[in-house]
Undergrad: 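First, the structure itself, so that you have it in front of you.
Computation of the quantities below employed the complete heavy-atom set of this structure, encompassing side-chain atoms and omitting hydrogens, waters and symmetry-equivalent molecules. Chain identifiers are assigned alphabetically (A, B, ...) following the order of the sequence lines, protein sequences preceding nucleic acid strands; residue numbering begins at 1 within each chain.
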Protein chains: 2
Amino acid sequence: MPTTTRRERQRAATGEEIKDTARRQMAEHGAAALSLRAIAAAMGITAPAIYRYFPNRDALVTALIVDAYQALGAAVAAAEAAVPRDRFGDRFLAAAGAYRRWSLEHPAEFQLIFGTPIPGYEAPADVTVPVVLEAFSPFATIPEDAWRAGALHDAVFPQEPETDARLAAWLIGEGLHLPAPLMRLVLEGWGQMHGLVTLELIGQLPPVVGDVGPLYDAAVRALVARLGLRVAP
Amino acid sequence: MPTTTRRERQRAATGEEIKDTARRQMAEHGAAALSLRAIAAAMGITAPAIYRYFPNRDALVTALIVDAYQALGAAVAAAEAAVPRDRFGDRFLAAAGAYRRWSLEHPAEFQLIFGTPIPGYEAPADVTVPVVLEAFSPFATIPEDAWRAGALHDAVFPQEPETDARLAAWLIGEGLHLPAPLMRLVLEGWGQMHGLVTLELIGQLPPVVGDVGPLYDAAVRALVARLGLRVAP
DNA sequence: CATGAATCGTAAACGGCGTATACTGTTTAC
DNA sequence: GTAAACAGTATACGCCGTTTACGATTCATG
């Protein structure tokens, strides 16, 4: 006998339907056009009914953000998982490629989680930061795996004492085992991937380079080389 | 006798006052909270009066975006101009530092030009793209200066035929004289600077590394080295 | 099975938003 | 001096998020 009653299942389904409808509206009219009244109308209910499921619009947005992060993280993890475990460089390339692909395929959700497109909405950091780190964990765990396997190329990691000390403390707190300078390179790489995707999405890069894909891939390959990860010949 | 009448001067002044008031509101309540009624109230007029100066809210936003790009470009250019012309690496470092500093000091304007924080507003690419390129031109012209001066370190530029061909065509169209692989590295670097600043502004990096400044500087120095630009010893 | 409670939804309203229209003074130019 | 151009207001429309008061349904329990 299931612990969930009929009513609870119904309630959860309606909550999901609200989020699905919201996602559909965002995909069509952009994240900024998210409107409780429009969602309700598309569902055939009235706007105040949504308040039975979310205390206010910001709570709905936060739920959508968490979902989006998890979808992004799942896409990255799935792409990485499809590569043989000992091909660390290729795993990183697959993860980075999935990151860009998901972002291009879900531009509204991307700007929802990485921008501030909602008037008056401020993402609660205590909710988002852990989910973000979870989504981006492959970019740290792949180099960690390679490090522990002793499979790192003979790369030399430049030292940055100030930042690296801070980073080392954070790594310990997170239970990650990899050198701080390596993690710093990962963060610099995250910034690069994020920036290139952002510039592509707002249309600044395409007029200059056309298809951004090769530019992005070149940057990631250079990053993989700096990290000392080997790729298939 | 000036070619501008009294009325024209008055009109231009009011237009500037509207934009200044808008900037003050953005700085206080965020770019998304921009409201014609609030601007008008702060100026002691009514909202429809603004329509004498801007055909609609989007036109005002576009004007603010253009102004912001020019302010960002001016900050970058000024920082770069303060460095001796033949210290190409230091000029690049100064420009990159000014880019981050301006962004941190003007977060609302940064998200105004690089995000989509306004409900229903879509930045007109034909207006913004040229202004963006103008603002970022130092990051291309500094390597170009170094290249023409034969002052590039013995760096080896990895080739990416597909993208580089496209880039070379664009460079010719823009009248820029530097190798396509070099320009590609500049764009990858732009993505990195942009991404790191963005992640810092939305609060993802600080909990990991604390002060993002050293991380940013390390990334830019590595980029400068890859570009083959020399820095002061 | 009857009944009281919990739940889900609606209707109406409030204040605020961008914006269109019609109107009134003031300033300018001939 | 007068007619046109201009700057501003008042009003109104249809959106928005949100609150309140109120029905209808569904559930759990005597």
Side-chain angles (χ1 to χ4, degrees), chain A residues 1-19 21-22 25-26 28-65 112 116-123, chain B residues 1-19 21-22 25-26 28-65 112 116-123:
Chain A
M1 161 184 170
T3 171
T4 65
T5 71
R6 182 184 147 81
R7 207 178 224 172
E8 278 167 344
R9 268 174 285 131
Q10 190 71 24
R11 180 178 176 76
T14 305
E16 283 302 316
E17 187 185 347
I18 292 172
K19 291 195 290 183
T21 311
Q25 302 260 344
M26 284 199 315
E28 252 187 81
H29 308 100
L34 209 152
S35 146
L36 293 188
R37 293 182 122 105
I39 295 168
M43 290 176 62
I45 61 176
T46 61
I50 295 181
Y51 284 75
R52 296 278 168 202
Y53 300 88
F54 299 92
N56 50 46
R57 191 198 52 162
D58 285 7
L60 171 59
V61 171
T62 300
L64 290 171
I65 287 179
L112 184 69
T116 308
I118 307 293
Y121 175 80
E122 201 72 32
Chain B
M1 161 186 170
T3 169
T4 66
T5 71
R6 182 183 147 80
R7 205 178 229 174
E8 279 168 345
R9 266 175 285 131
Q10 190 71 24
R11 179 177 177 77
T14 305
E16 282 303 316
E17 187 185 347
I18 291 172
K19 290 196 290 182
T21 310
Q25 302 260 343
M26 285 199 316
E28 251 186 81
H29 307 101
L34 210 151
S35 144
L36 293 188
R37 292 183 123 106
I39 296 168
M43 291 176 61
I45 60 177
T46 61
I50 296 181
Y51 283 77
R52 295 279 165 198
Y53 300 88
F54 299 93
N56 50 47
R57 193 196 52 161
D58 286 7
L60 170 59
V61 171
T62 300
L64 290 171
I65 286 180
L112 184 68
T116 309
I118 308 293
Y121 175 80
E122 202 70 32

Undergrad: Taking only Lys NZ, Arg NE, NH1 and NH2, and the carboxylate oxygens of Asp or Glu, determine whether A/E16 and A/K19 approach each other closer than 4.0 Å.
TA: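 Counted as a salt bridge, because a side-chain N and a carboxylate O are separated by less than 4.0 Å.
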Undergrad: Nearest whole Å is fine: how far is D/dC15 P from A/H29 NE2?
TA: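 Whole-Å distance recorded here is 14 Å.
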Undergrad: Would you kindly compare B/R7 and B/T46 by the position of their nearest DNA chain D nucleotide and give the one closer to the 5′ end?
TA: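 Its nearest nucleotide being more 5', the pick is B/R7.
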Undergrad: Closest approach to the side chain of B/R52, judged atom by atom: which nucleotide of D/dG17, D/dG8, D/dT20 is it?
TA: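 Shortest atom-to-atom distance from the side chain points to D/dG8.
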Undergrad: For a quick test of reading the model, state the closest non-hydrogen atom pair linking A/L112 to A/L64 and the distance between them.
TA: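 A/L112 and A/L64 have their closest heavy atoms at CD2-CB, 3.8 Å.
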Undergrad: Could you grab the distance from atom OG1 of B/T62 to atom CZ of B/R57, nearest 0.5 Å is fine?
TA: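 The distance works out to 10.0 Å.
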Undergrad: I need the CZ-P distance between B/R37 and D/dC16, as an integer number of Å.
TA: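 One finds 16 Å between P of D/dC16 and CZ of B/R37, rounded.
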Undergrad: Once you round it to whole Å, what is the distance between C1' of D/dC16 and CD of A/Q25?
TA: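 From A/Q25 CD to D/dC16 C1': 14 Å.
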Undergrad: For B/F54, which contact category applies under a 4.0 Å heavy-atom criterion: base, sugar-phosphate, or nothing?
TA: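 Counting heavy atoms under 4.0 Å across all strands, no contact is made by B/F54.
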Undergrad: Whole Å only: how far is the CE atom of B/M43 from the C1' atom of D/dG8?
TA: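 Distance, rounded to whole Å: 12 Å.
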Undergrad: Mind checking whether A/L36 and A/L60 have side chains closer than 4.5 Å, heavy atoms only?
TA: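 Yes, at least one pair of side-chain atoms sits under 4.5 Å.
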Undergrad: Locate the shortest heavy-atom distance separating A/A59 from A/N56; write the atom from each residue and the value.
TA: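 Taking A/A59 first and A/N56 second, the nearest heavy atoms are N-OD1, 3.0 Å.
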Undergrad: Nearest heavy-atom pair of B/Q25 and B/A42: which atoms, and what distance?
TA: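 Smallest heavy-atom distance, with atoms named: NE2-CB, 3.6 Å.
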Undergrad: Once you round it to whole Å, what is the distance between C1' of D/dC6 and OH of B/Y51?
TA: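 In whole Å, D/dC6 C1' and B/Y51 OH are 19 Å from each other.
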Undergrad: D/dT20, D/dT9, D/dC16: which one has an atom nearest the side-chain heavy atoms of B/I45?
TA: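 Ranking D/dT20, D/dT9, D/dC16 by closest atom to the B/I45 side chain puts D/dT9 first.
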Undergrad: Measure from CG on A/L34 to P on D/dC15 and round the result to the nearest Å.
TA: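 Atom-to-atom, A/L34 to D/dC15, this comes out as 17 Å.
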Undergrad: On DNA chain C, compare the nucleotides closest to B/R6 and A/Y53; which residue's is nearer the 5' end?
TA: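 Looking at the nearest nucleotide for each, A/Y53 comes out on the 5' side.
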Undergrad: Could you pull out the closest heavy-atom pair between A/T46 and A/A40, with the gap in Å?
TA: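 For A/T46 and A/A40, the tightest heavy-atom pair comes out as C-CB, 3.5 Å.
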Undergrad: Starting the side chain at C-beta, find the nucleotide from D/dT18, D/dC6, D/dA10 nearest to A/L36.
TA: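 Between D/dT18, D/dC6, D/dA10, the one nearest the side chain of A/L36 would be D/dT18.
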Undergrad: In this structure, how many angstroms lie between the C1' atom of D/dC16 and the CD1 atom of A/I50, rounded?
TA: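 Checked: the CD1 to C1' distance equals 12 Å.
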Undergrad: What are the 5'-most and 3'-most nucleotides of DNA chain C lying under 4.0 Å from any heavy atom of chain A?
TA: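 Contact boundaries, 5' end first: C/dA6 to C/dA13.
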Undergrad: B/R11 has an atom CZ; how far is it from atom C1' of D/dC6, in whole Å?
TA: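 Whole-Å distance recorded here is 9 Å.
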